[in-house]
Amino acid sequence: MEDETINITQIIIHTINNIFSNIFSSVDNNLYSILDNVTFIDTNILNSSYFKNIFGTSSTNGILLIANSLIIGFILYYCIKLLLANFTLTNFNTPYNFIFKLIFLTICMNSSLFICEKILFFNFSISSAITTLGEDLFNTSITFSNLISKLNSIIYIEENNLNIFTIDGLLKSIISISFINLTFSYSIRFIMVKVFILISPFAILSLSLPSSSSFFKSWIQCFLSLLFIQILVSIILLIIFSFNFDTNNIFTKFLMCGAIFTLIRANSYIKEFMGGVSIDFSSNITSIRNFFK
C-alpha cells in the first residue's frame with residue numbers, strides 16, 4: 001500500500017514537471033523573439049501602409065483631415081474669446097500673434113509624422129548605442145533571445161529533468177512568468193506608441209491656445225516616457241550581461257531574477273521620474289477585475 005502511494009506521488013510529480021517543462025519549452029521557443037521586436041521600437045513602426053492611411057498621406061485624408069478641420073474651430077473659439085476680452089477689458093493674445101502661431105503650428109501639425117519619426121530614430125539610436133557597447137564589451141548580442149539562452153544555461157538543466165520543486169525549477173518558473181508579463185506589457189507599449197503618434201496632430205494644434213496647451217504637455221510627457229523605457233531596458237540588459245553566468249553560484253541566479261523584476265518595473269520607474277501612462281500588465285488586469293466587481 002505504501003509503495004503504491006509512493007508510485008502515485010512520483011507519477012503526479014512527474015506529470016506536473018512534464019507539463020511545466022512543455023510550457024517553458026514553448027515559451028522559450030516562441031516568446032523571446034517577439035519580446036525583442038515589441039521592446040526595441042524603431043522607425044519601421046511607421047512603415048505599415050494601413051497605419052499611414054489612417055494617419056493620412058496628405059492634409060485631405062485620414063487623421064490629418066480631421067486635425068486640419070479643427071483649425072476652423074480654433075479660429076472661431078479665438079474670435080469669441082477676443083470679442084469677450086474686449087468687452088471685459090482683459091488681456092488676450094493679439095490677432096497677429098495668434099495667426100502667426102497658428103500658421104507655424106499648422107505646418108508642424110501636417111509634418112507631425114515626420115517629427116515623430118525623428119524622435120523614434122533618436123530614441124532607437126541611443127538604445128542601439130547602448131546595446132552595441134555591450135556587444136563590444138561582452139562579445140555577445142544584447143537581446144532577450146540571447147539572454148534566455150544564457151539563463152537556461154545556468155537554471156534550466158535538461159528538458160526532461162526539470163524539477164519544479166527545486167530552487168532551479170522555482171527560479172525557472174518565476175523567470176518564465178515574468179517574461180510573459182514583460183511581453184504583454186511591452187506589447188501594450190507598442191500599441192500605445194502608435195496611438196500617441198496618431199493623436200500627435202491634435203496635440204501640436206492644441207498649442208495654438210493657452211487653454212488647450214496642457215493637452216500637448218500631457219501628450220509629450222506620455223509619449224517620451226513610453227520611448228525612454230527602451231533606453232532604460234537597454235541599460236538594464238547591459239548590466240545583466242555583465243553578470244557572471246555561473247551554474248554553481250546561487251547568488252547570481254537570484255540577481256538574474258532581481259534584474260528581470262527590474263525590467264518589469266521599468267515603466268514604473270520612468271513614470272515616477274517623469275510621469276506618463278502605465279503599461280504594467282498585472283496592474284491593468286487588476287484594474288479590469290476591480291471594474292467588473
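Partners of N47 under the side-chain hydrogen bond (donor to acceptor under 3.5 Å, both in side chains) rule, at least two apart in sequence or in another chain, are N44. Residues passing the side-chain contact (heavy atoms from CB on, under 4.5 Å) test with S187 are V38, T183, sequence neighbours excluded. Among residues two or more places apart in sequence or in another chain, the side-chain contact (heavy atoms from CB on, under 4.5 Å) test is passed with C108 by F104, I115, I204. For I220, the side-chain contact (heavy atoms from CB on, under 4.5 Å) partners two or more places apart in sequence, or in a different chain, are F216, L224. By the ring-ring contact (aromatic ring centres under 6.0 Å, His included) test, F223 is found to be paired with W219, residues two or more places apart in sequence or in another chain being considered.
Residue pairs that meet the side-chain hydrogen bond (donor to acceptor under 3.5 Å, both in side chains) test with at least one member in residues 113-122, sequence neighbours left out, do not exist here. Here side-chain hydrogen bond (donor to acceptor under 3.5 Å, both in side chains) pairs that include residues 121-137, with residues two or more places apart or in two chains, are S127-Q230.
If you take CD1 on I107 and CG on L102, they are separated by 10.0 Å, rounding to the nearest 0.5 Å. Interatomic distance, OG of S225 versus CG of L232, reported as 12.0 Å (0.5 Å rounding). We find the CZ-CG distance between F196 and L226 to be 6.0 Å, quoted to the nearest 0.5 Å. The distance from the CZ atom of F74 to the OG1 atom of T106 is 10.0 Å, given to the nearest 0.5 Å. Expressed to the nearest 0.5 Å, how far CD1 of I236 lies from CD1 of I142 amounts to 13.5 Å. To the nearest 0.5 angstrom, I270 atom CD1 is 6.5 Å from I229 atom CD1.
Remark: side-chain polar atoms of S111 are not paired, donor with acceptor, to backbone N or O of F114 under 3.5 angstrom. In this structure, the side chain of S185 does not engage the main chain of L182 through any donor-acceptor pair within 3.5 Å.
With hydrophobic clusters built from ILVMFWY side chains whose heavy atoms lie under 4.5 angstrom apart, F122 shares a cluster with V193. F100 and I103 fall into different hydrophobic clusters, where Ile, Leu, Val, Met, Phe, Trp and Tyr are joined by side-chain heavy atoms under 4.5 Å apart, directly or via other members. Hydrophobic clustering places I34 together with I180 (ILVMFWY residues linked when any side-chain heavy atoms are closer than 4.5 Å, directly or through intermediates). Residue V233 is grouped with residue L133 when hydrophobic side chains (ILVMFWY) are merged at heavy-atom distances under 4.5 angstrom, including chains of intermediate members. Using a 4.5 Å cut-off between side-chain heavy atoms of Ile, Leu, Val, Met, Phe, Trp and Tyr, with links allowed through other members, I231 and I239 fall into the same hydrophobic cluster.
With side-chain heavy atoms closer than 4.5 Å counting as contact, directly or through intermediates, F261 stands alone and belongs to no larger hydrophobic cluster. If you chain together ILVMFWY residues whose side-chain heavy atoms come under 4.5 Å of each other, I72 ends up grouped with L76. Grouped by direct or indirect side-chain proximity (heavy atoms under 4.5 Å, Ile/Leu/Val/Met/Phe/Trp/Tyr only), Y96 sits alone. I191 shares a hydrophobic cluster with V195; the chain of contacts runs through ILVMFWY side chains whose heavy atoms sit under 4.5 Å apart.
Shown are C116, P201, S48; of these, the side-chain contact (heavy atoms from CB on, under 4.5 Å) with F55 is made only by P201.
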Practice problem: Begin with the C-alpha distance, continue with both residues' side-chain angles, and end with the deciding distance and a verdict on side chain to side chain contact (heavy atoms under 4.5 Å, CB included) for Y77 and S212. | Solution: CA-CA 11 Å; Y77 178 82; S212 60; over 6 Å; no
Exercise. Given side chain to side chain contact (heavy atoms under 4.5 Å, CB included), test I41 with L227 step by step and report yes or no.
Key: CA-CA 8 Å; I41 298 175; L227 296 183; 5.5 Å; no
Which pairs of donor and acceptor atoms, one on a side chain in residues 63-71, lie under 3.5 Å apart (sequence neighbours left out)?
| from | atom 1 | to | atom 2 | distance (Å) |
| --- | --- | --- | --- | --- |
| N68 | OD1 | N110 | ND2 | 3.3 |
| N68 | ND2 | L64 | O | 2.6 |
| N68 | ND2 | N110 | OD1 | 3.0 |
| S69 | OG | L65 | O | 2.7 |

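Remark: the S58 side chain and the T60 side chain contain an N/O donor-acceptor pair separated by less than 3.5 Å.
Contact annotation: the side chain of F241 never approaches that of L137 to less than 4.5 Å [non-hydrogen atoms, C-beta and beyond]. Two residues are said to be in side-chain contact when any heavy atoms from C-beta on lie closer than 4.5 Å; F144 and L263 meet this criterion. Inter-residue side-chain proximity for I99 and I75 is flagged as unmet; no heavy-atom pair is nearer than 4.5 Å. For the pair T43/F124, no side-chain contact is recorded, criterion being any heavy-atom separation below 4.5 Å from C-beta on.
Considering all non-hydrogen atoms of both residues, L105 and L207 come closest at CD1-C, 3.5 Å. The minimum heavy-atom distance between S214 and S211, with the atom names listed, is OG-O, 4.4 Å.
Within the 6.0 Å centre-distance limit, the rings of F98 and Y78 are counted as a close aromatic pair.
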